[in-house]
Amino acid sequence: MSIFMDDSRRAALAILLLTSIKQKKKRKRSIWSKQWLLHRHKFSHMGLLKELKENNPDDFRNYLRMSDSNFEHLFEAIRPAITKQNTCMRQAISPEQRLIATLRYLATGRTLEDLKFSTGISAQSLGRIIPETCIAIIEAMKAEYLKFPESAEEWKAIAKQFEDYWNFPNCGGAIDGKHVRIQPPANSGSYYYNYKGYFSIVLMAIVNAKYEFIMVDVGKNGRVSDGGAIEQTVFYQKLKNKEVQLPTNNETTEGLNFVFVADEAFALQEHILKPFPVKTLTKQRRIFNYRLSRARRVVENAFGILANRFRVFHTAITLSPAKVDLVVLTCCVLHNFLRRTNGNVYMPNNMVDREDIEYCSLVYGDWRSDPNAMLQLQAGGTRNANVDAKTNRENYVDYFNGQGAVDWQDAMI
């Protein structure tokens, strides 16, 4: 055989070799999809949910964390955004199945590999469906159910609720933060490693007098403290730059500063009140601390109820940080939605802290006995407040011990 060949034969051989190499590199799929997944209508939980919807509404609500009427309201709001077209290759997963799979994930925190057996949807598909559905829920519901006040009148409406419910005037909300456990992304090192020895991101929030979130900031790494986390939020920067449209002192009770209440981990500021340290307490300051704690408990209870209802917060969420942010924000939106539309069922009285004035005692909500409740942020270092911030707090001390006193406060300290 000759070792020489003409150009056309050489080109033909080169093409043949290249095609052969590509075919070897291409991994052959053994099957397009598992047969039982193609029959999800037969093997998934959809049949069970139909039975629960018709005959066991309490179990339906427990399964999806909402009633049938709440589900239908939510479904109609997001149906257009999560409806996909069928193709010649396969039938699309229905929007109802997509929403149910997402709600079940939020309710349980089960792994995608585990969830596929009840949904009849592959783990790979669930990894796309859940974030897509979360985006749809956020976009459809946030304008009504997670609206940040944009005017002094809206802030005054919130303050009236705090005064009516908690006897605390001029209050725009209670501030706090929690850790959300995550599985750290590859090569992230200790970036998300918190003081309790696991990986997390931070959920910062402001809550109104009715246990509803009015501001949510999520995604900061778990190493930051309460004070450090709030200072990195858009809200704090606007507050610092006087860009939040708060009522002026001419519009507030007794001309006091309009304020937000927080715990000792936060810095004392002109518009942020925190309790006095134990070593500096007098009777008047203990009364102030009691009145501040009474208003601030709404944010602790909101977080507790959120984690109790959406058990995804009880696990290390095995999604990318960006997708975790979507999951957390979706839960906050749904919390507000369910709190307003079905509050007595979603949040019964035994779930929240309540005072027994007759016996001068505090009865803690059931969520506090949950060993998997979200972890409090680490307190930051002590920082000296300016004179105006200290003066503002002393003005509130005088108010709560004078004109703003309530009959039972002496007995409660």
Side-chain angles (χ1 to χ4, degrees), residues 149 151-176 206-211 214 226-227 230 235-236 239-240 242 244-301 353-357 360-362 382-413:
S151 68
E153 292 304 316
E154 289 179 324
W155 284 116
K156 285 192 282 187
I158 292 174
K160 185 178 187 306
Q161 292 177 346
F162 268 101
E163 187 153 21
D164 291 344
Y165 294 170
W166 306 111
N167 307 103
F168 202 105
N170 312 323
C171 183
I175 303 174
D176 204 359
I206 302 175
V207 171
N208 68 16
K210 300 170 71 175
Y211 307 99
I214 59 175
D226 264 356
I230 190 65
F235 161 77
Y236 181 86
L239 183 66
K240 183 179 177 181
K242 302 185 184 303
V244 180
Q245 303 301 313
L246 301 179
T248 65
N249 288 35
N250 293 329
E251 302 173 275
T252 61
T253 300
E254 295 299 305
L256 298 168
N257 286 4
F258 197 87
V259 295
F260 299 88
V261 294
D263 65 16
E264 60 278 357
F266 292 85
L268 181 67
Q269 298 186 23
E270 292 180 58
H271 294 287
I272 297 180
L273 289 178
K274 60 181 286 186
F276 286 95
V278 174
K279 63 183 180 181
T280 68
L281 289 182
T282 62
K283 179 185 176 183
Q284 290 74 25
R285 288 182 173 185
R286 284 201 301 272
I287 287 174
F288 168 85
N289 280 5
Y290 160 68
R291 297 290 294 275
L292 181 121
S293 174
R294 191 167 184 264
R296 195 185 62 80
R297 279 198 299 268
V298 293
V299 69
E300 293 181 2
N301 281 271
D353 298 341
R354 53 207 182 277
E355 289 182 327
D356 189 331
I357 303 299
C360 303
S361 63
L362 174 64
T382 57
R383 286 165 286 182
N384 289 327
N386 62 38
V387 173
D388 290 339
K390 292 179 180 179
T391 300
N392 177 56
R393 183 165 64 173
E394 291 295 343
N395 290 339
Y396 272 93
V397 173
D398 294 340
Y399 175 79
F400 289 134
N401 284 276
Q403 184 177 344
V406 293
D407 296 339
W408 64 88
Q409 64 187 27
D410 285 356
M412 293 298 290
I413 63 171

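Here the structure is a predicted model, which is why all the values come from computation and not from measurement.
The backbone N or O of V259 lies less than 3.5 Å from no partner atom in the side chain of N257, so there is not a single donor-acceptor pair. H271 places a side-chain N or O within 3.5 Å of a backbone atom of F258 that can act as its donor or acceptor partner. In this structure a side-chain-to-backbone donor-acceptor pair under 3.5 Å is missing from K274 to A262.
Contact check for K283 versus D410: side-chain heavy atoms found under the 4.5 Å cut-off. Using a 4.5 Å cut-off on side-chain heavy atoms (C-beta onward), V406 and R291 make contact. Side-chain contact between D176 and R296 is present, with heavy atoms from C-beta onward closer than 4.5 Å.
Each of T253, N249, T248 was evaluated against E251; a single residue qualifies, T248, per the side chain to side chain donor-acceptor pair (under 3.5 Å) test.
Because its NZ or CZ atom is both nearer than 6.0 Å to the ring centre of F276 and within 45° of the ring axis, R393 counts as a cation-pi partner of that residue.
Atom CG of D164 is surrounded by more than 12 heavy atoms from other residues, nucleotides or ligands within 6.0 Å.
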| message | Please determine whether side-chain contact (heavy atoms from CB on, under 4.5 Å) holds for the pair F168 and R294, giving the CA-CA distance in whole Å, both sets of side-chain angles, and the decisive distance to 0.1 Å. | response | CA-CA 9 Å; F168 202 105; R294 191 167 184 264; over 6 Å; no
| said: Determine whether Y236 and F266 satisfy the following criterion, ring pair (Phe, Tyr, Trp, His ring centres under 6.0 Å), listing intermediate values before the conclusion. | reply: CA-CA 12 Å; Y236 181 86; F266 292 85; 9.4 Å; no
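Taking the charged nitrogens against the carboxylate oxygens, E163 and K160 have no contact shorter than 4.0 Å, which rules out a salt bridge.
No donor-acceptor contact under 3.5 angstrom links the side chains of T391 and E394, judged on distance only.
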